[in-house]
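Heavy-atom basis, side chains included; hydrogens, waters and symmetry copies ignored.
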Amino acid sequence: MNSTDPPPGTRMVRRAGRALSAPLDALRGAALGVRHAYRLYHPPNSRVGRTPENKGLATRRMHITTTRDAVTLDAWAVPGDGPHTVVICHGMERSKSSVLGHIEMLHRAGHNVVAYDMRNHGESSGDRRYGSMARRYTSDLRDVLRAVAADPELGGGRLAVLGFSFSAWPALYVLRDPGVAVSAVVADSGPMYEIGTGLGAFATLRRGSLPERLRRAAAFVPYRFVFRTVALHMLAIKDWPPELPGVTTRLMFVAGAQDPVVGADQVRRVAESYPGSGFWASQHAMHMNALRFDRHEYTERVLDFLAAAFAEGTPAAASEDGTGPYGKRTADTDGPSPPERRRMPATSGKEATAHD
(Lines give C-alpha, C1' and ligand atoms only; values in the text may rest on other atoms or scores of the structure.)
Protein backbone atom coordinates (compact mmCIF):
# COMPACT_ATOMS: atom_id res chain seq x y z
CA MET A 1 0.00 0.00 0.00
CA ASN A 2 1.26 3.47 -0.88
CA SER A 3 1.90 5.62 2.19
CA THR A 4 -0.37 8.31 0.75
CA ASP A 5 -3.36 5.99 0.27
CA PRO A 6 -6.17 6.25 2.82
CA PRO A 7 -6.62 3.23 5.06
CA PRO A 8 -9.01 0.51 3.82
CA GLY A 9 -11.69 1.51 6.27
CA THR A 10 -11.72 5.07 4.98
CA ARG A 11 -12.04 3.90 1.37
CA MET A 12 -14.99 1.70 2.28
CA VAL A 13 -16.73 4.58 4.03
CA ARG A 14 -16.22 6.80 0.98
CA ARG A 15 -17.62 4.15 -1.36
CA ALA A 16 -20.61 3.65 0.89
CA GLY A 17 -21.19 7.39 1.03
CA ARG A 18 -21.15 7.66 -2.73
CA ALA A 19 -23.56 4.73 -3.05
CA LEU A 20 -25.95 6.28 -0.55
CA SER A 21 -25.79 9.71 -2.20
CA ALA A 22 -26.29 8.38 -5.75
CA PRO A 23 -30.14 8.44 -5.64
CA LEU A 24 -30.08 12.01 -4.35
CA ASP A 25 -27.59 13.04 -7.03
CA ALA A 26 -29.82 11.46 -9.66
CA LEU A 27 -32.78 13.49 -8.43
CA ARG A 28 -30.71 16.66 -8.46
CA GLY A 29 -29.53 15.94 -11.97
CA ALA A 30 -33.06 15.27 -13.20
CA ALA A 31 -34.39 18.46 -11.58
CA LEU A 32 -31.64 20.51 -13.21
CA GLY A 33 -32.41 18.84 -16.54
CA VAL A 34 -36.01 20.09 -16.33
CA ARG A 35 -34.84 23.59 -15.44
CA HIS A 36 -32.32 23.78 -18.26
CA ALA A 37 -34.80 22.41 -20.81
CA TYR A 38 -37.21 25.19 -19.92
CA ARG A 39 -34.42 27.77 -20.06
CA LEU A 40 -33.47 26.58 -23.53
CA TYR A 41 -36.62 28.33 -24.77
CA HIS A 42 -36.65 31.01 -22.05
CA PRO A 43 -32.99 32.01 -21.64
CA PRO A 44 -32.13 34.56 -18.95
CA ASN A 45 -29.04 36.06 -20.58
CA SER A 46 -29.66 36.68 -24.30
CA ARG A 47 -29.02 40.41 -24.02
CA VAL A 48 -28.63 42.69 -27.02
CA GLY A 49 -25.22 44.34 -27.27
CA ARG A 50 -23.84 45.99 -30.39
CA THR A 51 -26.24 47.27 -33.03
CA PRO A 52 -26.00 47.89 -36.80
CA GLU A 53 -25.31 51.55 -35.97
CA ASN A 54 -22.00 50.43 -34.47
CA LYS A 55 -21.11 49.35 -38.00
CA GLY A 56 -22.31 52.60 -39.53
CA LEU A 57 -25.56 51.14 -40.87
CA ALA A 58 -28.73 53.25 -40.80
CA THR A 59 -31.30 51.33 -38.77
CA ARG A 60 -34.89 51.72 -37.69
CA ARG A 61 -36.80 49.71 -35.12
CA MET A 62 -39.76 47.52 -35.90
CA HIS A 63 -42.13 46.07 -33.33
CA ILE A 64 -44.30 43.17 -34.43
CA THR A 65 -47.13 41.89 -32.26
CA THR A 66 -47.65 38.16 -32.70
CA THR A 67 -51.09 37.04 -33.81
CA ARG A 68 -50.95 33.90 -31.68
CA ASP A 69 -50.59 35.45 -28.22
CA ALA A 70 -49.71 39.16 -28.53
CA VAL A 71 -46.00 38.81 -27.76
CA THR A 72 -44.02 41.83 -28.99
CA LEU A 73 -41.03 41.02 -31.21
CA ASP A 74 -38.28 43.64 -31.48
CA ALA A 75 -36.51 43.93 -34.82
CA TRP A 76 -33.90 45.98 -36.65
CA ALA A 77 -34.66 47.03 -40.20
CA VAL A 78 -31.55 47.94 -42.20
CA PRO A 79 -32.59 49.27 -45.63
CA GLY A 80 -30.37 48.46 -48.61
CA ASP A 81 -30.12 49.72 -52.15
CA GLY A 82 -32.12 46.91 -53.75
CA PRO A 83 -35.77 45.84 -53.54
CA HIS A 84 -35.35 42.44 -51.88
CA THR A 85 -35.32 41.68 -48.14
CA VAL A 86 -33.65 38.97 -46.09
CA VAL A 87 -35.13 38.17 -42.67
CA ILE A 88 -32.58 36.79 -40.20
CA CYS A 89 -33.47 34.52 -37.27
CA HIS A 90 -30.74 34.05 -34.65
CA GLY A 91 -29.90 30.87 -32.74
CA MET A 92 -31.21 29.75 -29.36
CA GLU A 93 -30.03 31.60 -26.25
CA ARG A 94 -28.70 34.44 -28.43
CA SER A 95 -30.04 37.72 -29.78
CA LYS A 96 -30.05 39.69 -33.01
CA SER A 97 -26.66 41.14 -32.01
CA SER A 98 -25.14 37.75 -32.80
CA VAL A 99 -25.86 38.18 -36.54
CA LEU A 100 -24.32 41.63 -37.06
CA GLY A 101 -21.72 40.22 -39.45
CA HIS A 102 -24.45 38.68 -41.60
CA ILE A 103 -26.47 41.90 -41.55
CA GLU A 104 -23.42 43.77 -42.84
CA MET A 105 -22.69 41.13 -45.51
CA LEU A 106 -26.24 41.20 -46.86
CA HIS A 107 -26.50 44.99 -46.68
CA ARG A 108 -23.28 45.42 -48.67
CA ALA A 109 -24.81 43.17 -51.34
CA GLY A 110 -27.68 45.66 -51.66
CA HIS A 111 -30.35 43.75 -49.75
CA ASN A 112 -32.71 45.10 -47.13
CA VAL A 113 -32.19 43.18 -43.89
CA VAL A 114 -34.55 42.57 -40.98
CA ALA A 115 -33.15 40.83 -37.89
CA TYR A 116 -35.47 40.18 -34.98
CA ASP A 117 -35.23 38.80 -31.47
CA MET A 118 -37.20 35.59 -31.03
CA ARG A 119 -39.74 35.54 -28.24
CA ASN A 120 -38.11 35.22 -24.81
CA HIS A 121 -34.83 36.49 -26.29
CA GLY A 122 -33.09 39.84 -26.48
CA GLU A 123 -35.44 42.82 -26.48
CA SER A 124 -38.56 40.88 -27.45
CA SER A 125 -41.15 40.21 -24.79
CA GLY A 126 -41.63 36.76 -23.38
CA ASP A 127 -44.07 34.09 -22.43
CA ARG A 128 -44.11 31.45 -19.76
CA ARG A 129 -45.38 28.76 -22.05
CA TYR A 130 -44.32 25.17 -21.62
CA GLY A 131 -45.52 23.51 -24.80
CA SER A 132 -45.95 23.90 -28.58
CA MET A 133 -42.78 25.96 -28.87
CA ALA A 134 -42.18 24.90 -32.49
CA ARG A 135 -45.60 26.22 -33.48
CA ARG A 136 -45.03 29.46 -31.57
CA TYR A 137 -41.68 30.20 -33.21
CA THR A 138 -43.05 29.31 -36.64
CA SER A 139 -46.10 31.53 -36.15
CA ASP A 140 -43.81 34.36 -35.01
CA LEU A 141 -41.68 34.08 -38.15
CA ARG A 142 -44.82 34.14 -40.28
CA ASP A 143 -45.91 37.35 -38.54
CA VAL A 144 -42.51 38.94 -39.16
CA LEU A 145 -42.60 38.00 -42.85
CA ARG A 146 -46.08 39.41 -43.25
CA ALA A 147 -45.06 42.64 -41.51
CA VAL A 148 -42.04 42.98 -43.80
CA ALA A 149 -44.13 42.28 -46.90
CA ALA A 150 -46.57 45.02 -45.85
CA ASP A 151 -43.83 47.56 -45.06
CA PRO A 152 -43.63 50.34 -47.71
CA GLU A 153 -39.83 50.47 -47.52
CA LEU A 154 -39.13 46.73 -47.35
CA GLY A 155 -41.98 44.97 -49.12
CA GLY A 156 -41.37 46.01 -52.72
CA GLY A 157 -39.30 42.98 -53.68
CA ARG A 158 -38.99 39.32 -52.77
CA LEU A 159 -38.28 37.73 -49.41
CA ALA A 160 -35.68 35.28 -48.14
CA VAL A 161 -34.99 33.81 -44.70
CA LEU A 162 -31.61 33.13 -43.10
CA GLY A 163 -32.11 30.89 -40.07
CA PHE A 164 -29.45 29.71 -37.65
CA SER A 165 -29.40 26.40 -35.78
CA PHE A 166 -32.76 26.12 -33.99
CA SER A 167 -34.29 28.85 -36.18
CA ALA A 168 -33.73 26.72 -39.26
CA TRP A 169 -36.70 24.60 -38.12
CA PRO A 170 -39.35 27.35 -38.26
CA ALA A 171 -37.70 28.63 -41.47
CA LEU A 172 -38.77 25.36 -43.10
CA TYR A 173 -42.13 25.00 -41.36
CA VAL A 174 -43.25 28.50 -42.34
CA LEU A 175 -43.07 27.50 -46.01
CA ARG A 176 -46.21 25.42 -45.52
CA ASP A 177 -48.23 28.60 -44.94
CA PRO A 178 -49.89 29.51 -48.26
CA GLY A 179 -50.05 33.16 -47.18
CA VAL A 180 -46.27 33.52 -47.02
CA ALA A 181 -44.21 33.91 -50.20
CA VAL A 182 -40.51 33.17 -49.60
CA SER A 183 -38.10 32.91 -52.52
CA ALA A 184 -35.22 31.34 -50.62
CA VAL A 185 -34.22 29.85 -47.27
CA VAL A 186 -30.63 29.56 -46.08
CA ALA A 187 -30.36 27.20 -43.10
CA ASP A 188 -27.04 27.73 -41.28
CA SER A 189 -25.81 25.14 -38.72
CA GLY A 190 -29.10 23.31 -38.73
CA PRO A 191 -31.58 21.93 -38.60
CA MET A 192 -30.68 18.56 -37.15
CA TYR A 193 -32.29 15.43 -38.57
CA GLU A 194 -32.34 13.44 -35.34
CA ILE A 195 -33.64 16.08 -32.97
CA GLY A 196 -33.45 13.98 -29.83
CA THR A 197 -29.86 12.99 -30.54
CA GLY A 198 -28.96 16.62 -31.14
CA LEU A 199 -30.50 17.73 -27.85
CA GLY A 200 -28.61 14.98 -26.07
CA ALA A 201 -25.36 16.24 -27.61
CA PHE A 202 -26.24 19.77 -26.50
CA ALA A 203 -26.68 18.52 -22.94
CA THR A 204 -23.31 16.74 -23.11
CA LEU A 205 -21.61 19.98 -24.11
CA ARG A 206 -23.02 21.59 -20.97
CA ARG A 207 -21.53 18.95 -18.70
CA GLY A 208 -18.38 20.96 -17.98
CA SER A 209 -20.41 23.93 -16.74
CA LEU A 210 -22.47 21.91 -14.26
CA PRO A 211 -21.62 21.80 -10.55
CA GLU A 212 -18.87 19.26 -9.99
CA ARG A 213 -21.13 16.84 -8.15
CA LEU A 214 -23.59 16.80 -11.06
CA ARG A 215 -20.89 16.02 -13.62
CA ARG A 216 -20.59 12.50 -12.23
CA ALA A 217 -22.37 9.76 -14.11
CA ALA A 218 -24.91 9.13 -11.34
CA ALA A 219 -26.26 12.67 -11.77
CA PHE A 220 -25.36 13.49 -15.35
CA VAL A 221 -27.01 10.49 -17.01
CA PRO A 222 -30.45 11.39 -15.61
CA TYR A 223 -29.73 15.08 -16.31
CA ARG A 224 -29.12 14.40 -19.99
CA PHE A 225 -32.10 12.06 -20.32
CA VAL A 226 -34.52 14.46 -18.65
CA PHE A 227 -33.16 17.49 -20.50
CA ARG A 228 -33.61 15.79 -23.86
CA THR A 229 -37.04 14.38 -23.01
CA VAL A 230 -38.46 17.64 -21.65
CA ALA A 231 -36.93 19.79 -24.41
CA LEU A 232 -38.46 17.50 -27.06
CA HIS A 233 -41.84 17.58 -25.31
CA MET A 234 -41.79 21.38 -25.15
CA LEU A 235 -40.83 21.64 -28.81
CA ALA A 236 -43.72 19.36 -29.80
CA ILE A 237 -42.63 18.60 -33.34
CA LYS A 238 -44.99 16.10 -34.96
CA ASP A 239 -43.82 15.99 -38.56
CA TRP A 240 -40.10 16.09 -39.23
CA PRO A 241 -38.69 16.92 -41.69
CA PRO A 242 -41.81 18.82 -42.77
CA GLU A 243 -43.49 17.82 -45.99
CA LEU A 244 -43.41 20.66 -48.54
CA PRO A 245 -45.56 19.54 -51.49
CA GLY A 246 -45.81 22.18 -54.17
CA VAL A 247 -43.31 24.52 -52.52
CA THR A 248 -40.93 26.16 -55.00
CA THR A 249 -38.78 28.00 -52.48
CA ARG A 250 -35.07 27.45 -53.08
CA LEU A 251 -33.27 25.82 -50.15
CA MET A 252 -29.61 25.99 -49.14
CA PHE A 253 -28.16 24.19 -46.11
CA VAL A 254 -24.84 25.21 -44.55
CA ALA A 255 -23.04 23.05 -41.98
CA GLY A 256 -19.82 23.34 -40.02
CA ALA A 257 -17.53 20.36 -40.54
CA GLN A 258 -16.19 20.89 -37.00
CA ASP A 259 -19.59 21.55 -35.39
CA PRO A 260 -19.90 19.76 -32.01
CA VAL A 261 -23.56 20.74 -31.59
CA VAL A 262 -25.22 19.93 -34.92
CA GLY A 263 -22.99 17.65 -36.94
CA ALA A 264 -22.65 18.20 -40.68
CA ASP A 265 -24.16 14.79 -41.39
CA GLN A 266 -27.29 15.77 -39.42
CA VAL A 267 -27.77 18.82 -41.65
CA ARG A 268 -26.97 16.84 -44.79
CA ARG A 269 -29.70 14.31 -44.01
CA VAL A 270 -32.29 17.08 -43.78
CA ALA A 271 -31.04 18.54 -47.08
CA GLU A 272 -31.41 15.13 -48.71
CA SER A 273 -35.10 15.17 -47.76
CA TYR A 274 -35.54 17.91 -50.36
CA PRO A 275 -34.10 16.80 -53.72
CA GLY A 276 -32.44 19.70 -55.49
CA SER A 277 -31.61 21.68 -52.37
CA GLY A 278 -28.04 22.91 -51.89
CA PHE A 279 -25.69 21.66 -49.21
CA TRP A 280 -22.26 22.96 -48.26
CA ALA A 281 -20.04 21.99 -45.32
CA SER A 282 -17.60 24.70 -44.27
CA GLN A 283 -14.42 22.77 -43.54
CA HIS A 284 -13.14 25.11 -40.81
CA ALA A 285 -16.39 26.15 -39.15
CA MET A 286 -17.96 25.03 -35.92
CA HIS A 287 -21.46 26.11 -34.83
CA MET A 288 -22.88 29.22 -36.54
CA ASN A 289 -19.48 30.69 -37.40
CA ALA A 290 -18.86 29.74 -41.05
CA LEU A 291 -18.85 33.44 -41.96
CA ARG A 292 -15.96 33.93 -39.56
CA PHE A 293 -13.84 30.91 -40.50
CA ASP A 294 -14.65 30.66 -44.24
CA ARG A 295 -15.65 34.25 -44.94
CA HIS A 296 -14.87 34.43 -48.64
CA GLU A 297 -16.51 31.15 -49.66
CA TYR A 298 -19.47 31.62 -47.32
CA THR A 299 -20.14 35.11 -48.69
CA GLU A 300 -19.80 34.00 -52.29
CA ARG A 301 -22.03 30.95 -51.92
CA VAL A 302 -24.80 32.64 -49.93
CA LEU A 303 -24.95 35.80 -52.03
CA ASP A 304 -24.87 33.88 -55.33
CA PHE A 305 -27.63 31.61 -54.06
CA LEU A 306 -29.82 34.55 -53.04
CA ALA A 307 -29.19 36.39 -56.30
CA ALA A 308 -30.33 33.36 -58.30
CA ALA A 309 -33.42 32.88 -56.13
CA PHE A 310 -34.43 36.54 -56.31
CA ALA A 311 -33.90 36.60 -60.07
CA GLU A 312 -36.42 33.82 -60.62
CA GLY A 313 -39.41 36.07 -60.08
CA THR A 314 -42.85 34.73 -59.29
CA PRO A 315 -42.70 30.90 -59.24
CA ALA A 316 -44.27 29.26 -62.26
CA ALA A 317 -47.03 26.72 -61.90
CA ALA A 318 -45.88 23.37 -60.56
CA SER A 319 -45.24 20.63 -63.05
CA GLU A 320 -47.07 17.34 -62.96
CA ASP A 321 -44.05 15.08 -62.61
CA GLY A 322 -43.50 15.86 -58.92
CA THR A 323 -39.75 16.37 -59.28
CA GLY A 324 -37.82 18.85 -57.17
CA PRO A 325 -37.35 22.48 -58.12
CA TYR A 326 -33.89 21.66 -59.50
CA GLY A 327 -34.64 18.32 -61.14
CA LYS A 328 -34.08 14.94 -59.45
CA ARG A 329 -30.63 15.68 -58.06
CA THR A 330 -30.20 15.29 -54.32
CA ALA A 331 -28.22 17.70 -52.16
CA ASP A 332 -24.47 17.88 -52.74
CA THR A 333 -21.47 19.90 -51.67
CA ASP A 334 -21.46 22.07 -54.77
CA GLY A 335 -24.67 23.96 -54.03
CA PRO A 336 -27.86 24.00 -56.07
CA SER A 337 -27.95 23.32 -59.78
CA PRO A 338 -29.66 25.75 -62.17
CA PRO A 339 -33.37 26.13 -61.41
CA GLU A 340 -35.90 24.31 -63.54
CA ARG A 341 -38.98 25.63 -61.72
CA ARG A 342 -40.44 22.29 -60.76
CA ARG A 343 -42.36 21.22 -57.75
CA MET A 344 -40.72 20.07 -54.54
CA PRO A 345 -41.99 16.58 -53.73
CA ALA A 346 -43.48 15.54 -50.45
CA THR A 347 -41.20 13.67 -48.09
CA SER A 348 -42.35 10.95 -45.78
CA GLY A 349 -43.50 12.32 -42.43
CA LYS A 350 -41.36 11.27 -39.49
CA GLU A 351 -41.83 11.78 -35.79
CA ALA A 352 -38.89 13.49 -34.10
CA THR A 353 -38.79 10.79 -31.46
CA ALA A 354 -38.48 8.08 -34.07
CA HIS A 355 -34.80 8.94 -34.52
CA ASP A 356 -33.74 9.09 -30.86
Tell me whether [X] shares a hydrophobic cluster with [Y], the cluster being built from Ile, Leu, Val, Met, Phe, Trp, Tyr side chains joined at under 4.5 Å.
X: V270; Y: L232; answer: yes
X: L205; Y: L214; answer: yes
X: L303; Y: V99; answer: yes
X: M234; Y: L141; answer: yes
X: F225; Y: I195; answer: yes

Which pair of heavy atoms, one from [X] and one from [Y], lies closest together, and at what distance?
X: A134; Y: I237; answer: CB-CG1, 3.8 Å
X: A264; Y: A257; answer: CB-CA, 4.4 Å
X: P83; Y: N112; answer: O-ND2, 3.6 Å
X: R158; Y: H84; answer: N-ND1, 3.0 Å
X: R119; Y: D140; answer: NE-OD2, 2.6 Å

For the pair [X] (side chain) and [Y] (backbone), establish whether a donor and an acceptor sit closer than 3.5 Å, ignoring hydrogens and angles.
X: Q258; Y: Q283; answer: yes
X: E194; Y: Q266; answer: no
X: H42; Y: N120; answer: no
X: T85; Y: L154; answer: yes
X: R224; Y: A203; answer: no
X: S97; Y: R50; answer: yes
X: T59; Y: L57; answer: yes
X: D177; Y: V174; answer: no
X: R215; Y: L210; answer: yes
X: S189; Y: H287; answer: no

Is the CZ atom of R129 crowded by more than 12 outside heavy atoms at less than 6.0 Å?
->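 No, CZ of R129 has 12 or fewer neighbouring heavy atoms, counting only those of other groups under 6.0 Å.
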
What's the verdict on side-chain contact (heavy atoms from CB on, under 4.5 Å) for W76 and M62, showing C-alpha distance, side-chain angles and the deciding distance?
-> CA-CA 6 Å; W76 293 327; M62 295 180 68; over 6 Å; no

I want to check something: taking the side chain as every heavy atom from C-beta on, are [X] and [Y] in contact at a cut-off of under 4.5 Å?
X: Y38; Y: R128; result: yes
X: Y137; Y: S167; result: no
X: Y223; Y: R207; result: no
X: Y274; Y: T249; result: no
X: L199; Y: L40; result: yes
X: V78; Y: L106; result: no
X: V148; Y: I64; result: no
X: L32; Y: R28; result: no

Under a plain distance cut-off of 3.5 Å, with no hydrogens placed, do [Y] and [X] share a side-chain donor-acceptor pair?
X: H63; Y: D74; value: yes
X: D188; Y: Y298; value: yes
X: T66; Y: D143; value: no
X: S139; Y: R136; value: no

Mind telling me whether W240 and W169 have parallel, tilted or perpendicular rings, with 30° and 60° as the class edges?
->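 Geometry flag for W240 against W169: perpendicular rings.
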
Please state whether the rings of H90 and H121 are parallel, tilted or perpendicular, taking 30° and 60° as the class boundaries.
->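 Answer is tilted, since the angle falls between 30° and 60°.
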
Do K96 and E123 meet the salt-bridge criterion of a basic N to acidic O distance under 4.0 Å?
->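 Result for this pair is yes, salt bridge flagged.
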
Using 4.0 Å as the upper bound for N to carboxylate O, is an ion pair formed by R176 and D239?
->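 Counted as a salt bridge, because a side-chain N and a carboxylate O are separated by less than 4.0 Å.
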
What's the verdict on side-chain contact (heavy atoms from CB on, under 4.5 Å) for L251 and L172, showing C-alpha distance, side-chain angles and the deciding distance?
-> CA-CA 9 Å; L251 304 178; L172 291 179; 4.1 Å; yes

Name of the residue among H102, H107, R108 meeting side chain to side chain donor-acceptor pair (under 3.5 Å) with E104 |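 So the option named by the test is R108.
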
For the residue pair Y130 and H233, is the inter-centroid distance of their aromatic rings smaller than 6.0 Å?
->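 Ring centroids of Y130 and H233 are less than 6.0 Å from each other.
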
Between Y41 and M92, does a side-chain contact (heavy atoms from CB on, under 4.5 Å) hold up when you go through it step by step?
-> CA-CA 7 Å; Y41 308 109; M92 293 299 291; 3.6 Å; yes

Evaluate the criterion side-chain contact (heavy atoms from CB on, under 4.5 Å) for residue pair W280 and E297; output intermediate values, then yes/no.
-> CA-CA 10 Å; W280 172 58; E297 188 169 5; 3.4 Å; yes

